[in-house]
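Chain naming here is simple, since letters A, B, ... match the order of the sequence lines and numbering starts at 1 in each.
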Amino acid sequence: MDIEIFKNDCLISSKKLDKLFYRKNALHLAKSLIGKIFVKKEKDEILGGMIVETEAYGLEGDLSAHSNKGKTKRNAPMFEEGGILYVYFTYGSCYCANIVSGPKDSGEAVLIRAVEPLLGIEKMFERRKLEKNEKNIYKLCSGPGKFCEAFGIDLSYNYEDLTQEQIYLIEGRKISNQEIGVSARIGISKSKDFPWRFFLKNNKFVSKNKVVVYEN
DNA sequence: CCAGGGATCCGG
DNA sequence: CGGATCCCTGGG
């Protein structure tokens, strides 16, 4: 079963991304994930959204990465080969989803910080317990915890293989380098100034715009 | 701005 | 063990 997504009346390529796509390092992956479509198939529903904001974690010298002090039970997915999900629970309230990158044992991942909802929007309003109106569309997935809540992602999706049928990414629209903004990552206290956050410029679905933006 | 919330990690 | 911290969110 193939799916079709229309955005601005243009059919977006539905080519599923393969294992090789996820093997690159987290910084490179974080940037190339912008514009890709995250797809989750449920029992009687398909959820989809364009990734508009990401952060890279776990490369050399990154003190804020969960993997920075070696493998533990929680961060173990980060040490798998790229192409699976790493989901964790934080602040006693929400889940965050990362896409594991690089070869096995590299300890790298990319946090999905925001997506632009495209499919299954009704369901997302339901899960996020938001009144359905124009303004609230921007609150559905504009943060890592919000995204997981809207898409129904919890610990049962930890280690989920993105080359399988339930959750995967498709090609989406081609994004040029000039369309991608760069900044420091949000909500961390170590390795604060690393310019490892990427987002689609002028997109209303990114989580925060009030951050220092670096030259790309 | 701030408090809630629970898992995880680290030092004693 | 306890206490601090945390890739956050929602409500002032």
Side-chain angles (χ1 to χ4, degrees), chain A residues 22 25-31 33-34 38 49 51-80 82 84-102 106-115 117 124-133 135-160 181-200 204-214:
Chain A
Y22 301 101
N25 80 51
L27 213 40
H28 187 183
L29 182 68
K31 200 167 171 177
L33 281 172
I34 302 296
F38 186 99
I51 298 174
V52 296
E53 182 181 347
T54 60
E55 284 175 358
Y57 284 90
L59 279 108
E60 197 64 32
D62 182 10
L63 299 177
S64 68
H66 288 172
S67 58
N68 122 80
K69 287 182 178 167
K71 199 197 276 195
T72 64
K73 188 177 179 200
R74 179 175 73 155
N75 69 23
M78 293 183 78
F79 292 88
E80 292 299 312
I84 63 167
L85 285 186
Y86 163 43
V87 183
Y88 65 88
F89 183 70
T90 190
Y91 286 98
S93 58
C94 52
Y95 297 96
C96 291
N98 297 252
I99 294 179
V100 174
S101 80
S106 68
E108 298 168 38
V110 175
L111 175 70
I112 302 176
R113 281 200 57 91
V115 317
M124 296 185 198
F125 271 108
E126 212 174 283
R127 289 201 169 123
R128 295 273 298 119
K129 299 174 186 69
L130 287 168
E131 189 197 336
K132 197 180 174 192
N133 62 44
K135 245 171 72 182
N136 282 343
I137 291 180
Y138 302 108
K139 297 182 184 172
L140 289 176
C141 302
S142 54
K146 300 179 195 178
F147 160 67
C148 283
E149 187 170 38
F151 275 72
I153 295 173
D154 58 23
L155 280 179
S156 68
Y157 293 96
N158 201 15
Y159 288 99
E160 184 78 13
V182 184
S183 80
R185 293 169 294 177
I186 291 170
I188 53 169
S189 59
K190 299 169 208 154
S191 302
K192 268 182 162 167
D193 47 351
F194 289 24
W196 288 2
R197 171 174 173 261
F198 301 93
F199 57 95
L200 198 53
K204 303 192 61 164
F205 298 87
V206 305
S207 69
K208 284 176 186 172
N209 288 298
K210 286 183 221 125
V211 289
V212 181
V213 175
Y214 302 127

A/H66 side chain near C/dC6 phosphate (N/O to OP1/OP2, under 4.0 Å): no

Distance in angstrom units between A/L130 CG and C/dG10 C1', rounded: 10 Å

Parallel, tilted or perpendicular: ring planes of A/F147 versus A/F151, cut at 30 and 60 degrees: tilted

Rounded interatomic separation in angstrom, taking CD1 from A/I153 and P from C/dC8: 16 Å

Pair A/Y88 and A/Y95, ring centroids less than 6.0 Å apart: no

Between the protein and nucleotides 8-12 of chain B, which nitrogen or oxygen pairs are less than 3.5 angstrom apart?
{"residue": "B/dC9", "atom": "OP1", "partner": "A/T72", "partner atom": "OG1", "Å": "2.9"}

Base-pairing mate for B/dG11 - Watson-Crick or G-U, with both contacts under 3.5 Å: C/dC1

Separation of atom CD in A/E55 from atom C1' in C/dC6, rounded to whole Å: 14 Å

Atom-pair distance (OH on A/Y95; P on C/dT9), nearest Å: 14 Å

Sugar-phosphate, base or nothing in reach of A/K190, heavy atoms under 4.0 Å: sugar-phosphate

Donor-acceptor under 3.5 Å (A/S101 side chain, A/A26 main chain): yes

Aromatic-base stack, A/Y57 on C/dC7, cutoff 5.5 Å, angle under 30: yes

Any residue of residues 143-151 of chain A with a heavy atom less than 4.0 Å from an atom of DNA chain B: none

Heavy-atom check, side chain of A/I137 versus side chain of A/F125, under 4.5 Å: yes

Main-chain N/O of A/V100 paired with A/E80 side-chain donor or acceptor, under 3.5 Å: no

Interatomic distance where CZ belongs to A/R185 and P belongs to C/dC8 [whole Å]: 11 Å

Donor-acceptor under 3.5 Å (A/S67 side chain, A/A65 main chain): no

Sugar-phosphate, base or nothing in reach of A/I188, heavy atoms under 4.0 Å: sugar-phosphate

Contact check, side chains of A/Y86 and A/N158, non-hydrogen atoms, under 4.5 Å: yes

Stacked pair A/Y91-C/dC6, distance under 5.5 Å, angle under 30°: yes

Spacing of A/I112 atom CD1 relative to C/dC8 atom C1', expressed in whole Å: 16 Å

Short side-chain N/O contact to C/dC6 OP1/OP2 from A/S189, under 4.0 Å: yes

Separation of atom CG in A/N158 from atom P in C/dC7, rounded to whole Å: 16 Å

Length of the line joining A/L59:CG and C/dC7:P, which is rounded to integer Å: 16 Å

Sole candidate of A/E108, A/R185, A/H66 that passes side chain to side chain contact (heavy atoms under 4.5 Å, CB included) when paired with A/Y57: A/R185

For B/dG5, the Watson-Crick or wobble counterpart (both distances under 3.5 Å): none

A/R128 side chain near C/dG10 phosphate (N/O to OP1/OP2, under 4.0 Å): yes

SB check A/E149 A/R128 (cutoff 4.0 Å): yes

Whether A/D193 side chain and A/A184 backbone form a donor-acceptor pair below 3.5 Å: no

